[in-house]
Amino acid sequence: MKEMWLVILVLWCFSSSSSVLCTTPKPVVMWHGMGDFCCNPLSLGRVKSVIEDSVPGIYVKSLKIGSSVVEDIENGFFLNANKQVEEVCKQLASDPELKDGYNALGFSQGGQFLRAVAQRCPSPPVLNLISFGGQHQGIYGLPHCGYPNKWCNYIREVLTYGAYWSWVQNGLVQAEYWHDPLNEEEYRSHSIFLADINNEIAKNKTYIKNLLKLKNFVLVKFNNDTIVEPIETEWFGFYKPGQSSEVITLQESELYVKDRLGLQQMDKLGKLKFLAVYGDHLQFDEDWFIQNIVDKYLK
Ligand SMILES: *[C@@H]1O[C@H](CO)[C@@H](O)[C@H](O)[C@H]1NC(C)=O
Ligand SMILES: *[C@@H]1O[C@H](CO)[C@@H](O)[C@H](O)[C@H]1NC(C)=O
């Protein structure tokens with residue numbers, strides 16, 4: 001009798017896609033955007049509860065960079081992205097809940113930061129990497145800072161005049177993914193973060209190998225984004241080199257054509273997913289999120 005129930009359960013597990021009884025859901029790691037913090041009830045705190053309500057028993061970790069909420073917000077502006085990624089790699093490796101892998105959700109700059117984690121720190125492994133409005137080819141402009149924040153004007157000025165000065169690169173996070181299409185050479189030689197993770201400086205084969213391990217790399221673009229310039233960076237597109245009006249897609253870029261980062265291979269394997277939302281930066285509704293993200297990638 002016992003055996004029969006076991007057989008039924010096993011068969012049911014194989015045939016059911018919502019096999020709550022059969023497997024524990026994979027944990028989720030989230031990284032917030034600029035000006036935000038780990039547990040903001042209006043942003044990631046809410047996303048965390050939506051996930052927890054939709055997937056019973058799921059473990060969701062929203063990263064805090066630093067030892068307090070104030071530090072977490074400040075570090076989003078002023079702590080070198082390479083150091084942040086290094087710190088996060090340690091946090092993740094020391095969390096026993098994550099040892100068999102996790103799904104990663106990056107919001108805004110958290111999108112490119114979690115990609116750096118996937119490329120640099122393959123253990124524990126990232127399963128699905130989902131980027132919401134991430135700036136994977138950088139930004140060239142910051143029309144609205146997004147948050148009522150005293151640093152916004154200062155940051156805009158510094159980026160305009162000296163994004164590639166070394167003290168700015170080392171001390172201002174947004175400069176580390178500033179991409180000036182009129183000075184591609186300067187970008188390549190002075191960007192201490194983005195040019196590295198995009199294999200613009202050297203072709204790091206480890207980065208390619210690790211990206212290819214992802215199950216899916218999902219890129220969510222906000223069609224009505226007023227914060228990120230150009231918006232296509234959210235899908236890895238950018239200004240055609242040498243000017244700042246015409247935008248080319250990932251597929252038209254040298255990064256893809258020469259497959260410097262393995263994205264062409266990933267695309268051919270069907271691992272790149274391009275989603276678009278009609279809304280401003282990070283504005284999506286709960287139903288969209290549950291149907292397109294939670295149900296497809298987190299269950
Ligand atoms: C490539 O990336 C890996 C992972 O971050 C790093 O350990 C290695 O030193 C890098 N190799 C080169 C040539 O930069
Ligand atoms: C977003 O932009 C599209 C055009 O790209 C426009 O048709 C639509 O009305 C806009 N939606 C919102 C919510 O602003």
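Start at 1 with the first residue, then count along the sequence. Just so it is clear, the model here is predicted, and its values are computed rather than measured. Numbering of ligands and ligand atoms starts at 1, following listing order. Atom set for the values below is all heavy atoms of this structure, side chains included, hydrogens, waters and symmetry mates excluded.
- Counting heavy atoms from C-beta outward, N204 and Q119 have side chains that stay 4.5 Å or more apart.
- With N103 as the partner, the side chain to side chain contact (heavy atoms under 4.5 Å, CB included) test is satisfied by one option alone out of I130, V218, L298: L298.
- In this structure, C38 has no disulfide bond (SG atoms under 2.5 Å apart) partners at least two apart in sequence or on a different chain.
- Between the side chains of H179 and S191, not a single donor N or O lies within less than 3.5 Å of an accepting N or O.
- Judged purely by distance below 3.5 Å, without hydrogens or angles, the side chains of Q109 and Q174 pair a donor atom with an acceptor atom.
- For the pair P125 and K99, the tightest heavy-atom approach, listed with the atom from each and the gap, is CD-O, 4.3 Å.
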List below, pair by pair, the N or O atoms of ligand 1 and of the protein that are less than 3.5 Å apart, including the distance to 0.1 Å; reply 'none' if no pair qualifies.
unit_1	atom_1	unit_2	atom_2	d
ligand 1	2 (O)	N204	OD1	3.4
ligand 1	2 (O)	N204	ND2	2.3
ligand 1	11 (N)	N204	ND2	2.9

